Amino acid sequence: MTSENRPWVPQLPSGTLSHPATLKDSTEALIRRALVSGEMRPGELYSANKLASQLEVSNSPVREAMMSLVNSGLLELVRNRGFRVVELTEEDKREVYELRLHIEVDALRRIANRGITPEQAEYISTMSQNTVDLIDAPLVDYLEADQQYHLALVGLLGNKRWKKIVENLRDLSRVNGYYTFLEDSDHIAHSAEEHQQITQAIINGEPELAAALMVKHLEYARPKQR
């Protein structure tokens with residue numbers, strides 16, 4: 001079944017239609033969720049006009065949301081046809097993995113070495129526990145909590161650009177199938193447990209342990225050897 005025929009009809013959260021900027025952001029969040037869940041598939045084309053019609057909103061915020069995702073490298077504009085979900089090659093996946101390995105791991109090493117406040121410790125503990133609480137939830141809900149946890153960690157650096165780069169790299173990973181292994185609940189539980197271990201290493205101020213745990217945690221993202 002092609003994307004034109006697939007019955008994907010996302011629903012905007014209530015109370016988000018009153019302001020154009022909020023509508024654009026809400027629509028972008030919906031599309032990201034559809035990309036992560038697999039409702040929108042790599043290599044397939046999607047129409048901004050059709051999506052706007054499904055949502056019963058004007059074309060402008062939907063197109064703005066999709067163009068924002070083009071700028072993030074998740075969608076590709078195909079002139080006069082619509083938007084295609086970007087499909088990473090094996091080389092692309094290797095590059096994304098290597099960047100994440102350096103950027104995310106170094107972020108944790110720096111954070112643990114510098115130390116965090118009790119308030120920050122409580123914050124990342126809560127974000128980590130959120131992933132544990134969603135082990136038995138739909139996979140897309142767990143993945144959203146997982147994303148927010150990782151961004152909360154990097155956010156402790158106080159470097160917005162660093163955090164944005166990590167968010168973009170993780171989005172590329174999520175859209176292109178690095179997370180399919182988590183469909184097994186045992187793998188989800190293991191991933192959530194690793195979050196707890198990473199969190200404790202940061203709270204304890206153990207930079208090398210935190211870095212090593214993140215290297216292990218990212219192993220799932222390593223591209224398969226041919």
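Along the sequence shown, the residues carry numbers beginning at 1. Both backbone and side-chain heavy atoms feed into the values below; hydrogens, waters and symmetry mates do not. The model shown is predicted, which means the values in this text are computed figures rather than measured ones.
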| message | For E144 and V36: C-alpha separation, side-chain torsions, deciding distance, then whether side chain to side chain contact (heavy atoms under 4.5 Å, CB included) applies. | response | CA-CA 9 Å; E144 182 57 31; V36 172; over 6 Å; no

| task | Test L51 against N59 for side chain to side chain contact (heavy atoms under 4.5 Å, CB included), laying out the working first. | result | CA-CA 8 Å; L51 177 55; N59 291 345; over 6 Å; no

| request: For the pair E90 and R94, find out whether any cationic side-chain nitrogen is under 4.0 Å from an anionic carboxylate oxygen. | output: no

| note | In terms of heavy-atom contacts, Y142 and T131 come closest through CE1-O, 3.3 Å

| query | How many angstroms lie between CZ in R110 and CG in L156, if you round to the nearest 0.5 Å? | reply | 14.0 Å

| message | Rounded to the nearest 0.5 Å, what separates atom CG in L209 from atom CD1 in I202? | response | 10.0 Å

| So with a 6.0 Å cut-off around CD of E98, is the heavy-atom count from everything else above 12? | yes

| field | Residue pair I116 / I124, side-chain heavy-atom distance below 4.5 Å | value | yes

| task | Mind checking the CG-NZ spacing from L157 to K163? Nearest 0.5 Å is all I need. | result | 10.5 Å

| Looking only at atom types and distance, does a side-chain atom of N204 sit under 3.5 Å from a main-chain N or O of E206, one as donor and one as acceptor? | no

| query | Under a 4.5 Å cut-off applied to non-hydrogen side-chain atoms, are E104 and L99 in contact? | reply | no

| field | Side-chain ion pair, E76 and R84, N-O less than 4.0 Å | value | yes

| request: Identify which one of Q196, Q197, H190 satisfies the side chain to side chain donor-acceptor pair (under 3.5 Å) criterion when paired with E194. | output: H190

| field | Distance in Å, H187 NE2 paired with I135 CD1, rounded so as to fall on 0.5 Å steps | value | 13.5 Å

| message | Strictly below 4.0 Å, N to O, side chains only: are E167 and K164 in salt-bridge contact? | response | yes

| query | Which atoms form the tightest heavy-atom contact between A210 and A112, and what is the distance? | reply | CB-CB, 4.3 Å

| query | In Å, rounded to the nearest 0.5 Å, how long is the span from CE of M214 to CG of L108? | reply | 4.5 Å

| task | With the side chain counted from C-beta on, respond yes when K93 and S173 share a heavy-atom pair under 4.5 Å apart, and no when they do not. | result | no

| message | Go through it in stages, so that I can follow the logic: the residues are L169 and Y97, the test is side chain to side chain contact (heavy atoms under 4.5 Å, CB included), and I'd like the CA-CA distance, side-chain angles, deciding distance and then a yes or no. | response | CA-CA 8 Å; L169 290 172; Y97 168 72; over 6 Å; no

| If only atom types and distance count, is the side chain of S125 paired as donor or acceptor with the main-chain N or O of A121 below 3.5 Å? | yes

| query | Does the side chain of F83 come within less than 4.5 Å of L45's, by heavy atoms? | reply | no

| Are the side chains of E219 and K216 in touch, meaning some heavy atoms are under 4.5 Å apart? | no

| task | Find out whether M66 and T27 are in side-chain contact, i.e. whether some heavy atom of one side chain is under 4.5 Å from a heavy atom of the other. | result | no

| Closest non-hydrogen atom pair between L75 and V86, with its separation | C-CG2, 3.7 Å

| field | N/O donor-acceptor pair under 3.5 Å between Q120 side chain and T117 backbone | value | yes

| message | Any donor-acceptor pair under 3.5 Å linking the side-chain atoms of T22 with those of D25? | response | no

| message | Quick test of your reading of the model: are E208 and R109 salt-bridged, counting only N-O distances below 4.0 Å? | response | yes

| said: With side chain to side chain contact (heavy atoms under 4.5 Å, CB included) as the criterion, how do R33 and D141 come out once you've worked through the C-alpha distance, each side chain's angles and the decisive distance to 0.1 Å? | reply: CA-CA 9 Å; R33 185 178 176 88; D141 292 332; 2.7 Å; yes

| message | Which residue is it: H150, M127, Q200? I am looking for the one with a side-chain contact (heavy atoms from CB on, under 4.5 Å) to H195. | response | H150

| Taking every non-hydrogen atom, the tightest pair across S72 and L172 | O-CD2, 4.5 Å

| message | If I compare all heavy atoms of H217 with all of S191, which pair ends up nearest, and what's the gap? | response | CE1-OG, 3.5 Å

| field | Exercise: identify the closest heavy-atom pair between Y46 and E39 | value | OH-O, 3.6 Å

| request: Calculate, to the nearest 0.5 Å, the distance between atoms CG and CD belonging to L30 and Q54 respectively. | output: 11.0 Å

